[in-house]
Amino acid sequence: MTELLMKDFVDRAALERLQLERMQNTLDRVYNNVPFYKQAFDSVGVKPTDLKRLQDLAKFPFTMKSDLRNHYPFGLLASDQKDVVRIHASSGTTGKPTVVCYTQDDLGIWSETMCRTLEAGGLTSRDIVQIGYGYGLFTGGLGVHYGAERLGCAVIPMGGGATEKQLLLIKDFGTTAVCCTPSFFTHLIEVAEKIGLDFRQTKLRVGFFGAEPWTDAMRTFIEEKSGIKAFDIFGLSEIIGPGVSADCEAHNGLHVFEDHFYPEIIDPDTGEVKAPGEEGELVFTTITKQAMPMIRYRTRDISSLAYEKCACGRTLVRMSSVKRRSDDMLIIRGVNLYPSQVESVILDVEGTEPHYQLVVTREKAMDELEIRVEVTPQVFTDEVKVLENLRDLLSAKVKQLIGISAKITLVEPGTIERSVGKAKRVIDLRHS
Ligand code: DLL
């Protein structure tokens, strides 16, 4: 076991002492260095010294994405500008990007937690890791890259896209691990089939998939089609990038690297902290980051926390995999719906492909949902009756499991646009 990996198996009492000390230091630093935090703490009458126990964090105010935007680009810096060595940004849906900064120490933390992420999926310095996340302002590419290098792997900095070249390198370079979005990997599977490349005949054995929600049904699809083991990796730019939490071989939630990132689950409406096991919005406080620490950052991601020891032996808390965000919920004729629910239904039915899109329109004040689903080439060339039966079956399942009537449109393989990064599953035309 490497020295880094040992950090995943620490005694919880010792971990909590370390967290408290680090949290106290962080609160003190931001209060004294960042006017935004001083004002936010003062406005609710709390001081860093009010944090006597970890639970006292609940007294402190939340930080939101809008706070980063309002202090664009560098207003939340807690370090001297000269100590910043890297800047990333995540593109918001509207307007200015959210900017995040790193000191040299922050990059060290990041490569450490990404290294632990890859170790949790069984990688060692013998592995050849192909990075299919985008490089650039997005944190995916460089974040995973540094972690893999820290582990001593041979890193192939492919970046996103270039599907056929990705496949060529997997075959010729003997890539053992691939890192990309799950939706892009389904595209790699598809093109591999087309050009007659069988992953089982290559050295590829594991994939680290994240940056977007994906279901257990998708994991099964990926593992069965490609023969590799699929691990879920989670993170967000504001907290560090990828490397906030990681799946282990038990696949029973993602271990949060709690010695750096302190998680809470809150009720998104009241802001109250919820008990372990209860579902709610995930909130993180960074307790070691220097350049841009985040205090109680609201992620909008829905999850729950489990503190029981994992079958893998890790003592770090597990967060349930993020299947939805509070802001990707569609309300259609009063029914709440998440794209991931549709994904589970589709992948449960024989003859479909994991390429789908939800199109929402409004006609005469009535919301209409169309679910476009690709079918397999075999089904597509079958008789019309087969297609009709499949459409009726999907429609009935959506009605039964999600409680909504939707128009199902079965489309030819390859019709829905493939993503190289995060998939765009929803086209909402109601407000355009
Ligand atoms: O997506 C960081 C990342 C890169 C994570 C590569 C994993 C792999 P952002 O662009 O800031 O950062 O987007 C963060 O993506 O709040 C979630 O909503 C979503 N997300 C990230 N990982 C997962 C995952 C990167 N494993 C936002 N499952 C987060 C579900 C995920 N959602």
Side-chain angles (χ1 to χ4, degrees), residues 63-65 68-69 87-93 97-102 110-111 113-114 116-118 120-121 129-148 157-160 177-185 207-216 218-219 222 230-248 251 253-257 261 263 268 281-284 286 292 294 297-304 318-329 338-340 343 419-426:
T63 307
M64 325 271 269
K65 201 174 191 87
L68 278 99
R69 291 235 176 84
I87 300 168
H88 281 279
S90 67
S91 51
T93 37
T98 310
V99 179
V100 290
C101 299
Y102 303 75
W110 196 9
S111 36
T113 59
M114 253 326 296
R116 288 161 71 184
T117 295
L118 300 173
V129 182
Q130 186 163 323
I131 309 215
Y133 288 113
Y135 281 71
L137 288 178
F138 177 53
T139 53
L142 282 166
V144 179
H145 182 119
Y146 274 57
M158 248 316 280
V178 66
C179 310
C180 62
T181 59
S183 55
F184 184 54
F185 194 70
F208 294 87
F209 305 119
E212 63 184 9
W214 54 305
T215 57
D216 296 335
M218 183 70 102
R219 185 201 299 277
I222 287 175
F231 288 86
D232 191 2
I233 67 171
F234 173 87
L236 60 158
S237 321
E238 294 85 342
I239 299 308
I240 200 122
V244 173
S245 65
D247 213 359
C248 63
H251 297 311
L254 285 75
H255 293 281
V256 178
F257 298 109
F261 317 116
E281 181 179 340
L282 196 51
V283 168
F284 283 107
T286 66
M292 232 183 227
M294 283 288 133
Y297 182 73
R298 290 186 61 160
T299 64
R300 303 279 168 201
D301 293 318
I302 307 295
S303 181
S304 61
R318 282 165 290 136
M319 55 175 262
S320 63
S321 67
V322 172
K323 301 280 188 272
R324 57 197 171 93
R325 290 174 56 82
S326 59
D327 50 11
D328 72 5
M329 184 176 80
Y338 292 94
S340 57
E343 181 173 301
S419 68
V420 293
K422 298 178 192 250
K424 186 167 168 46
R425 303 286 193 202
V426 179

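Note that these values count all heavy atoms, side chains included, but never hydrogens, waters or copies made by symmetry. In what follows, residues are counted from 1 in the order of the sequence shown. Numbering of ligands and ligand atoms starts at 1, following listing order.
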Undergrad: Kindly identify the option in Pro242, Ala211, Ser326, Gly241 whose heavy atom sits closest to atom 23 (C) of ligand 1.
TA: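 Looking at heavy atoms only, Ala211 sits closest to atom 23 (C) of ligand 1.
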Undergrad: Give the ring-plane orientation class for Trp110 versus Tyr102, where under 30° counts as parallel, over 60° as perpendicular and anything between as tilted.
TA: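 Correct class here is parallel.
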Undergrad: Quick one: nearest non-hydrogen protein atom to atom 2 (C) of ligand 1, plus distance?
TA: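 Closest protein heavy atom to atom 2 (C) of ligand 1: Gly235 O, 3.5 Å.
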Undergrad: For atom 1 (O) of ligand 1, grab the closest protein heavy atom and report residue, atom and distance to one decimal in Å.
TA: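 Going by distance alone, atom 1 (O) of ligand 1 is nearest to Lys422 NZ, 2.9 Å.
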Undergrad: Looking only at heavy atoms of Phe138, does any of them come nearer than 4.0 Å to an atom of ligand 1?
TA: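 Yes, Phe138 has a heavy atom closer than 4.0 Å to ligand 1.
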Undergrad: Between Tyr297 and Leu68, is there a side-chain heavy-atom distance shorter than 4.5 Å?
TA: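 Sidechains of Tyr297 and Leu68: in contact.
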Undergrad: Mind checking whether Val322 contacts ligand 1 via backbone (N, CA, C, O), side chain (CB onward), both or neither, at a 4.0 Å heavy-atom cut-off?
TA: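 Both backbone and side chain.
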Undergrad: Can Pro213 be said to touch ligand 1, with heavy atoms closer than 4.0 Å?
TA: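 For ligand 1, residue contact (heavy atoms, under 4.0 Å) with Pro213 is present.
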Undergrad: Any N or O of Arg325 that comes nearer than 3.5 Å to an N or O of ligand 1?
TA: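 Such a contact does occur with ligand 1.
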Undergrad: Report the part of Thr98 in contact with ligand 1, treating N, CA, C, O as backbone and CB onward as side chain, heavy atoms under 4.0 Å; options are side chain, backbone, both, neither.
TA: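 It is neither; nothing of Thr98 touches ligand 1.
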Undergrad: OH of Tyr135 to NE2 of His145: how many Å apart, nearest 0.5 Å?
TA: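 So the gap between those two atoms works out to 5.0 Å.
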Undergrad: Is it true that Lys323 and Asp328 make a salt bridge, defined as a side-chain N closer than 4.0 Å to a carboxylate O?
TA: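 Not counted as a salt bridge, because no side-chain N and carboxylate O are separated by less than 4.0 Å.
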Undergrad: Would you say Ile233 has any N or O atom under 3.5 Å from an N or O of ligand 1, going by distance alone?
TA: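 It does: an N or O of Ile233 is found under 3.5 Å from an N or O of ligand 1.
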Undergrad: Check this for me - ligand 1, Trp214, N or O atoms closer than 3.5 angstrom, yes or no?
TA: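 No - when backbone and side-chain N and O of Trp214 are compared with those of ligand 1, no distance drops under 3.5 Å.
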Undergrad: Apply side-chain contact (heavy atoms from CB on, under 4.5 Å) to Tyr146 and list each qualifying residue two or more places apart in sequence or on a separate chain.
TA: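 Listed in chain order: Arg86, Ser111, Leu142.
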Undergrad: Just jot down the ligand 1 atoms closer than 4.0 angstrom to any heavy atom of Leu236, in number order.
TA: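 Every atom of ligand 1 under 4.0 Å from some heavy atom of Leu236: 11 (O), 12 (O), 14 (C), 16 (O).
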Undergrad: Any Lys/Arg nitrogen of Lys65 or Asp327 sitting under 4.0 Å from an Asp/Glu carboxylate oxygen of the other?
TA: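 Salt bridge between Lys65 and Asp327, a charged N being under 4.0 Å from a carboxylate O: no.
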Undergrad: Going by the order shown, which atoms of ligand 1 are within less than 4.0 Å of some heavy atom of Gly140?
TA: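 Within the 4.0 Å cut-off of Gly140, ligand 1 contributes 4 (C), 6 (C).
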Undergrad: Nearest 0.5 angstrom please: Ser326 OG to Asp301 CG, how far?
TA: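 Reported value, rounded in 0.5 Å steps: 8.0 Å.
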Undergrad: At what distance is the nearest protein heavy atom to atom 18 (O) of ligand 1, and which residue and atom is it?
TA: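 Of the protein heavy atoms, Asp301 OD1, 2.6 Å lies nearest.
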Undergrad: Grab the two heavy atoms, one from Ser183 and one from Arg425, that are nearest each other, plus how far apart they are.
TA: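 Here Ser183 and Arg425 meet closest at CB-NH2, 3.8 Å.
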Undergrad: Just which atoms of ligand 1 are under 4.0 Å from any heavy atom in Tyr133?
TA: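 Answer for ligand 1: 6 (C), 8 (C).
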Undergrad: Only heavy atoms count here, so choose which of Lys323, Arg324, Arg300, Glu212 is nearest to atom 24 (C) of ligand 1.
TA: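 Among Lys323, Arg324, Arg300, Glu212, the closest heavy atom to atom 24 (C) of ligand 1 belongs to Glu212.
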Undergrad: What residue and atom, counting heavy atoms only, is the protein's closest point to atom 11 (O) of ligand 1, and at what distance?
TA: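 So the nearest neighbour among protein heavy atoms is Ser237 OG, 2.5 Å.
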Undergrad: Quick check on contacts: which atoms of ligand 1 are under 4.0 angstrom from a heavy atom of Gly210?
TA: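 Those qualifying, in numeric order: 7 (C), 8 (C), 26 (N).
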Undergrad: Taking the side chain as every heavy atom from C-beta outward, state whether Glu212 and Lys424 have any pair of such atoms under 4.5 Å apart.
TA: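 Contact flag for Glu212/Lys424 side chains = no.
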Undergrad: So Phe231 and Phe208, would you call those rings parallel, tilted or perpendicular, with 30° and 60° as cut-offs?
TA: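 Correct class here is parallel.
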Undergrad: Counting from 1, what ligand 1 atoms have a heavy atom of Asp232 closer than 4.0 Å?
TA: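 The list of qualifying atoms is 24 (C), 26 (N).
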Undergrad: Using the test ring-ring contact (aromatic ring centres under 6.0 Å, His included), find all partners of Phe257 that sit at least two apart in sequence or belong to another chain.
TA: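 Counting only residues at least two positions away or on another chain, Phe257 forms no ring-ring contact (aromatic ring centres under 6.0 Å, His included).
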